[in-house]
There are 2 protein chains.
Amino acid sequence: MLNNSHYIDKLRSSGLRPTKQRIKICEILFNTEKTFHFTINDLVKKISKATNDKISLATVYNTVHAFKKKGYLKEIPINSDQSYFDTNTSHHHHFYDESQKDLIDIDDADVEPVKINTRIPGKKIKSVEVLVKVEDAE
Amino acid sequence: MLNNSHYIDKLRSSGLRPTKQRIKICEILFNTEKTFHFTINDLVKKISKATNDKISLATVYNTVHAFKKKGYLKEIPINSDQSYFDTNTSHHHHFYDESQKDLIDIDDADVEPVKINTRIPGKKIKSVEVLVKVEDAE
DNA sequence: TTCTACATTATAATAGTTCTAAACTGTTGA
DNA sequence: TCAACAGTTTAGAACTATTATAATGTAGAA
Ligand SMILES: [Mn+2]
Ligand SMILES: [Mn+2]
Ligand SMILES: [Zn+2]
Ligand SMILES: [Zn+2]
């Protein structure tokens with residue numbers, strides 16, 4: 001617990017009380033430069049490694065949903081049996097290694113604008129996301 | 001039950017016994033020109049409308065998995081709480097209307113080749129799929 | 001300090017999916 | 001032709017991720 005004032009401010013300014021559970025989860029999710037792609041189970045494991053006082057599963061779910069709602073996390077539909085979340089909330093794309101179940105960011109700047117030559121009448125485009133599945137090169 | 005010999009051959013030639021349950025499911029899934037995007041629940045409802053003799057839920061799951069394994073269906077990761085399947089097994093893309101939970105095909109030819117200016121060492125690209133989220137134009 | 005709305009928690013409930021094991025059926029080949 | 005067998009169907013149980021419930025705890029305001 002070093003420099004948590006940043007998280008405390010962030011939480012408070014978004015109308016979330018800075019409880020010790022939420023601060024701990026912030027530390028785990030956001031204390032790194034790198035994007036973190038995770039399932040709830042991944043996060044639970046990280047928490048139990050990082051702290052002695054446990055956080056209940058319900059709170060982990062509650063917190064992840066609250067953070068998603070506030071825009072601090074994105075949900076990535078990669079797998080139909082578990083939700084994946086992403087600390088990178090900017091518009092970006094992914095490599096996905098199915099054998100390792102590993103998601104890797106592709107910066108939006110690294111994908112040339114995708115041209116789609118068809119439209120749906122009465123609908124407008126909200127986002128265009130590219131998923132690149134990869135496998136081991138032999 | 002008109003022209004099922006086609007399905008019977010198809011099933012038999014892929015090593016699946018042409019049972020009446022599988023033939024019925026073939027009729028529902030493949031008797032149309034149009035792509036069919038569905039959840040297991042959608043399919044169960046279609047079956048119960050189309051026939052009097054019911055097919056057990058376990059058989060619906062078994063059959064969909066068998067067809068996927070044989071390459072007659074693709075699974076589409078759009079939603080993290082239910083699996084979506086697609087009768088269009090060619091390489092293609094999708095529009096997705098989140099409010100209606102409606103998936104619409106985009107032909108591969110309608111998307112200009114996607115250029116990705118980054119790679120993962122030791123991995124090669126298996127597929128590139130584009131998901132276009134849409135919303136009502138005001 | 002007291003009050004209250006918000007938050008955490010253990011646990012129950014739910015829902016989609018998979019497993020189990022018994023009954024059934026398509027196919028083979030004697 | 002038909003017994004034998006492997007593959008298939010089935011009801012229901014089990015499993016797993018997620019959400020709901022409702023009691024207890026706590027942050028922040030007054
Ligand atoms: Mn994981
Ligand atoms: Mn549906
Ligand atoms: Zn990402
Ligand atoms: Zn499709």
Side-chain angles (χ1 to χ4, degrees), chain A residues 1 4-5 7-26 28 37-48 51-70 72-73 75-85 101, chain B residues 1 4-5 7-26 28 37-48 51-70 72-73 75-85 101:
Chain A
M1 291 227 193
N4 293 330
S5 53
Y7 297 131
I8 294 176
D9 292 348
K10 183 176 174 171
L11 288 166
R12 209 173 270 140
S13 72
S14 31
L16 298 172
R17 288 188 182 166
T19 64
K20 66 180 195 298
Q21 292 86 344
R22 283 170 176 167
I23 293 165
K24 174 57 69 183
I25 291 173
C26 278
I28 290 167
H37 298 108
F38 64 95
T39 64
I40 294 290
N41 191 43
D42 292 333
L43 181 53
V44 166
K45 279 191 261 175
K46 273 219 170 197
I47 292 168
S48 62
T51 184
N52 292 314
D53 12 63
K54 71 173 283 244
I55 298 178
S56 82
L57 184 59
T59 297
V60 178
Y61 274 99
N62 289 342
T63 303
V64 166
H65 288 149
F67 287 4
K68 181 190 167 188
K69 197 167 181 184
K70 294 298 178 183
Y72 304 144
L73 291 173
E75 192 166 359
I76 312 277
I78 219 56
N79 200 317
S80 51
D81 44 293
Q82 254 174 313
S83 275
Y84 273 75
F85 296 89
K101 295 187 181 268
Chain B
M1 289 226 196
N4 293 328
S5 53
Y7 297 132
I8 293 176
D9 293 347
K10 183 175 173 170
L11 288 167
R12 209 174 269 139
S13 70
S14 31
L16 297 172
R17 287 187 183 167
T19 63
K20 66 178 193 303
Q21 293 87 343
R22 283 171 177 167
I23 293 165
K24 175 55 70 183
I25 291 173
C26 278
I28 290 168
H37 297 109
F38 64 95
T39 65
I40 294 290
N41 191 44
D42 293 333
L43 180 53
V44 165
K45 279 190 261 174
K46 273 220 168 194
I47 291 168
S48 63
T51 185
N52 292 315
D53 12 64
K54 71 172 282 248
I55 299 178
S56 81
L57 184 59
T59 297
V60 178
Y61 274 99
N62 289 342
T63 303
V64 166
H65 287 149
F67 286 4
K68 182 191 166 189
K69 196 168 179 181
K70 295 296 178 186
Y72 304 143
L73 291 174
E75 192 165 0
I76 311 276
I78 218 56
N79 201 316
S80 48
D81 43 292
Q82 250 173 316
S83 276
Y84 273 75
F85 296 90
K101 292 186 183 271

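Throughout, a chain's letter reflects where its sequence line sits, starting with A, and its residues are numbered from 1.
- With C:dG26, C:dA10, D:dA17 as the choices, the nucleotide that has an atom nearest any side-chain atom of B:P18 turns out to be C:dG26.
- Straight-line distance from the NZ atom of A:K68 to the C1' atom of D:dT19: 14 Å, rounded to whole Å.
- Among D:dA17, C:dT8, D:dT10, the nucleotide with an atom closest to any side-chain atom of B:I55 is D:dT10.
- In terms of position on DNA chain D, the residue among B:S80 and B:R22 whose nearest nucleotide sits closer to the 5' end is B:R22.
- Considering CZ of B:R17 and CZ of B:R12, their distance stands at 10.5 Å, rounded to 0.5 Å.
- One can place CD1 of B:I25 at 12 Å from C1' of D:dT8, the figure rounded to the nearest angstrom.
- When rounded to the nearest whole Å, the span between CD1 of A:I8 and P of D:dG28 equals 8 Å.
- Between A:T19 and D:dT26, a side-chain N or O to OP1/OP2 separation shorter than 4.0 Å is absent.
- Position along DNA chain C of the nearest nucleotide to B:E75 versus B:L16 favours B:E75 as the more 5'-ward residue.
- Distances shown here put every side-chain N or O of A:Y61 at or beyond 4.0 Å from the OP1 or OP2 atom of D:dT19.
- Using modelled atom types, one finds no donor on one side chain facing an acceptor on the other under 3.5 Å when comparing B:Q82 with A:S80.
- Atom OG1 of A:T63 and atom CG of A:L43 lie 8.5 Å apart (nearest 0.5 Å).
- Nucleotide C:dT11 holds its P atom 13 Å from the CG atom of A:L57, rounded to whole Å.
- Nearest to the side-chain atoms of B:A58 among the listed nucleotides D:dA27, D:dA11, D:dA17 stands D:dA11.
- A close approach under 4.0 Å does occur between a side-chain nitrogen or oxygen of B:T59 and OP1 or OP2 of D:dT10.
- The side chain of A:S83 places an N or O atom within less than 4.0 Å of a non-bridging phosphate oxygen (OP1 or OP2) of D:dT18.
- B:N62 comes within contact range of at least one nucleobase, with a heavy-atom separation under 4.0 Å.
- When distances are taken from the side chain of A:R12 to each of C:dT8, C:dT11, D:dG28, the shortest belongs to D:dG28.
- For the pair B:H65 and C:dT18, the criterion of a side-chain N or O lying under 4.0 Å from OP1 or OP2 is met.
- Residues B:F85 and B:D42 fail the side-chain proximity criterion, which asks for heavy atoms closer than 4.5 Å.
- Within the structure, every side-chain polar atom (N or O) of B:R17 is placed at least 4.0 Å from both OP1 and OP2 of C:dT25.
- Using modelled atom types, one finds a donor on one side chain and an acceptor on the other under 3.5 Å when comparing B:S83 with B:E75.
- OP1 or OP2 of C:dT9 has at least one side-chain nitrogen or oxygen of A:Q21 nearer than 4.0 Å.
- Taking atom CG of residue B:D81 and atom P of nucleotide D:dA20, one finds them 12 Å apart after rounding to whole Å.
- Under the 3.5 Å distance criterion, with hydrogens and angles disregarded, no donor-acceptor pair is assigned to the side chains of A:N41 and A:T39.
- Residue A:K54 places at least one side-chain N or O under 4.0 Å from the OP1 or OP2 atom of C:dA10.
- In this structure, NZ of B:K24 is placed 19 Å from C1' of C:dT25, rounded to the nearest angstrom.
- Remark: P of D:dT8 and NZ of B:K69 are 11 Å apart, rounded to the nearest angstrom.
- In this structure, CG of A:L11 is placed 10 Å from P of C:dA7, rounded to the nearest angstrom.
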